[in-house]
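Below: the structure, in structure tokens.
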Number of protein chains: 2
Amino acid sequence: MTPTRLMLRLYFGELMLGPGKADLLAGIAEEGSISAAGRRMGMSYKRAWMLVEAMNAGFAEPLVESARGGAKGGGAALTEAGQQVLAAYRALEAKLREAGADELAAIGALVRSDMSNGK
Amino acid sequence: MTPTRLMLRLYFGELMLGPGKADLLAGIAEEGSISAAGRRMGMSYKRAWMLVEAMNAGFAEPLVESARGGAKGGGAALTEAGQQVLAAYRALEAKLREAGADELAAIGALVRSDMSNGK
DNA sequence: CACTGTTATGTCCGAAAAAACATATCGAGT
DNA sequence: ACTCGATATGTTTTTTCGGACATAACAGTG
């Protein structure tokens with residue numbers, strides 16, 4: 001049973017931070033590249049880059065630093081702030097699952113069984 | 001300062017439950033009417049009704065029961081299941097704020113100050 | 001100095017979502 | 001019967017969002 005997928009999104013005025021941006025940050029950290037991270041999650045480079053731009057603009061310090069040119073064409077990596085934000089977001093997700101397990105289960109029990117599985 | 005507005009959304013296959021539907025449920029409970037609840041949150045009746053329909057279809061039992069005609073034109077109210085779902089969702093939000101206060105604060109501290117206020 | 005893969009942007013188009021507008025139905029009171 | 005306010009649906013228009021292309025700049029390497 002595909003259980004209840006959970007989605008946590010934070011709003012700070014214009015800026016919003018949700019699973020999309022968090023996954024992208026994680027992908028960049030692993031791949032060392034915006035385009036590679038985007039590809040991995042089936043996202044166009046343009047879109048991935050726009051998300052990065054939004055994050056860099058919305059936080060006090062950029063979360064991603066990037067360089068272009070060079071042997072491998074360029075690359076990107078998380079800044080200290082980027083790592084902190086990602087870690088905090090992941091921790092938040094984990095705590096939500098932990099602290100809210102009862103409520104999650106309560107709601108899930110009332111959902112139509114057809115909704116639980118993949119369709 | 002309007003700090004971090006929090007948005008929690010649950011996915012059960014097709015069905016999704018987020019702040020919009022939760023607030024609508026709360027509005028219906030208070031107003032006793034789908035249209036009044038929708039108006040109160042600046043939402044067209046059509047949209048409010050579609051949300052209700054989606055919830056009633058997605059859960060094992062309807063969350064909202066409605067009647068039309070009569071002296072006051074009709075009305076709507078939460079079913080037992082509706083009250084339970086709303087209560088569980090609110091409890092989930094509360095627990096998230098409580099359990100995740102540290103992480104919330106950590107992320108919020110890194111956001112550009114311009115983002116906190118209404119612009 | 002040409003080659004290469006990535007960053008960095010812009011423009012255009014279609015799909016999907018939301019808003020706007022339009023009816024139709026119902027039933028207790030008057 | 002007629003009214004009134006709310007439910008219940010359709011239809012049309014507008015807006016928004018994302019995808020598809022297109023292009024330029026960049027810097028290390030062979």
Side-chain angles (χ1 to χ4, degrees), chain A residues 7 9 11 13-59 61-79 82 119, chain B residues 7 9 11 13-59 62-79 82:
Chain A
M7 175 168 172
R9 183 167 282 166
Y11 284 81
E14 295 295 300
L15 173 65
M16 61 183 79
L17 178 63
K21 294 213 183 83
D23 290 350
L24 183 60
L25 285 181
I28 291 173
E30 285 185 35
E31 304 279 354
S33 153
I34 296 176
S35 68
R39 267 197 305 275
R40 194 174 72 168
M41 63 179 72
M43 178 188 298
S44 70
Y45 170 77
K46 170 100 188 242
R47 175 156 179 66
W49 182 82
M50 286 193 307
L51 294 181
V52 168
E53 184 192 36
M55 286 189 281
N56 283 347
F59 282 89
E61 307 174 51
L63 303 191
V64 174
E65 67 183 349
S66 56
R68 58 179 171 180
K72 302 172 59 179
L78 298 196
T79 64
K119 175 192 3 254
Chain B
M7 174 168 173
R9 183 166 282 167
Y11 286 83
E14 294 295 300
L15 172 65
M16 60 183 80
L17 178 63
K21 294 212 182 85
D23 290 350
L24 183 60
L25 285 180
I28 292 172
E30 284 185 35
E31 304 279 354
S33 153
I34 296 175
S35 67
R39 265 197 306 276
R40 194 173 72 168
M41 63 180 72
M43 178 188 298
S44 71
Y45 170 77
K46 170 102 189 235
R47 174 156 181 68
W49 181 83
M50 285 193 306
L51 295 182
V52 169
E53 185 192 35
M55 286 188 281
N56 282 348
F59 283 88
L63 303 191
V64 175
E65 67 184 347
S66 57
R68 60 178 170 181
K72 303 172 57 180
L78 298 195
T79 63

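First the proteins, then the strands, lettered A, B, ... as listed; each starts at 1.
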Shortest side-chain distance from B/R68, nucleotide among D/dA8, D/dG10, D/dA20: D/dA8
Exam field: side chain B/K21 to backbone B/M16, donor-acceptor pair closer than 3.5 Å: yes
d(OH, A/Y45; P, D/dA24) in whole Å: 17 Å
B/E30 bridged to B/R40 by N-O distance under 4.0 Å: yes
Sidechain-backbone polar pair: A/T79 side chain, A/L63 backbone, donor-acceptor under 3.5 Å: yes
Sugar-phosphate, base or nothing in reach of B/S44, heavy atoms under 4.0 Å: nothing
Among D/dG19, D/dA8, D/dG28, the nucleotide that comes nearest once only the side chain of A/R47 is considered: D/dG19
OP1 or OP2 of D/dG5 under 4.0 Å from side-chain N/O of B/S33: no
Shortest non-hydrogen separation from B/L24 to B/A37 and the atoms involved: CD1-CB, 4.0 Å
Of B/E53 and B/R39, the one whose closest DNA chain D nucleotide lies more 5': B/R39
For the student: nearest non-hydrogen atoms of A/W49 and A/I34, plus distance: N-CG2, 4.1 Å
Any donor-acceptor N/O pair under 3.5 Å between D/dT29 base and A/K72 side chain: no
Whichever of A/G73 and A/K46 has its nearest DNA chain C nucleotide further upstream toward 5': A/G73
Nearest heavy-atom neighbours spanning A/L17 and A/F59: CD2-CZ, 4.5 Å
Sugar-phosphate, base or nothing in reach of B/G74, heavy atoms under 4.0 Å: sugar-phosphate
Segment of DNA chain C, first to last nucleotide, that comes within the 4.0 Å heavy-atom reach of chain A: C/dG5 to C/dT11
Touch class at under 4.0 angstrom, heavy-atom based, for A/A36 against every strand present: nothing
d(CE, A/M50; P, D/dG19) in whole Å: 8 Å
Nearest-nucleotide 5' precedence on DNA chain D, A/A71 against A/M43: A/M43
Least distance between heavy atoms, A/G82 atom then A/L25 atom: O-CD1, 4.3 Å
Gap between atoms CH2 and C1', on A/W49 and D/dG18 respectively (whole Å): 16 Å
Gap between atoms CD1 and C1', on B/I28 and D/dA6 respectively (whole Å): 12 Å
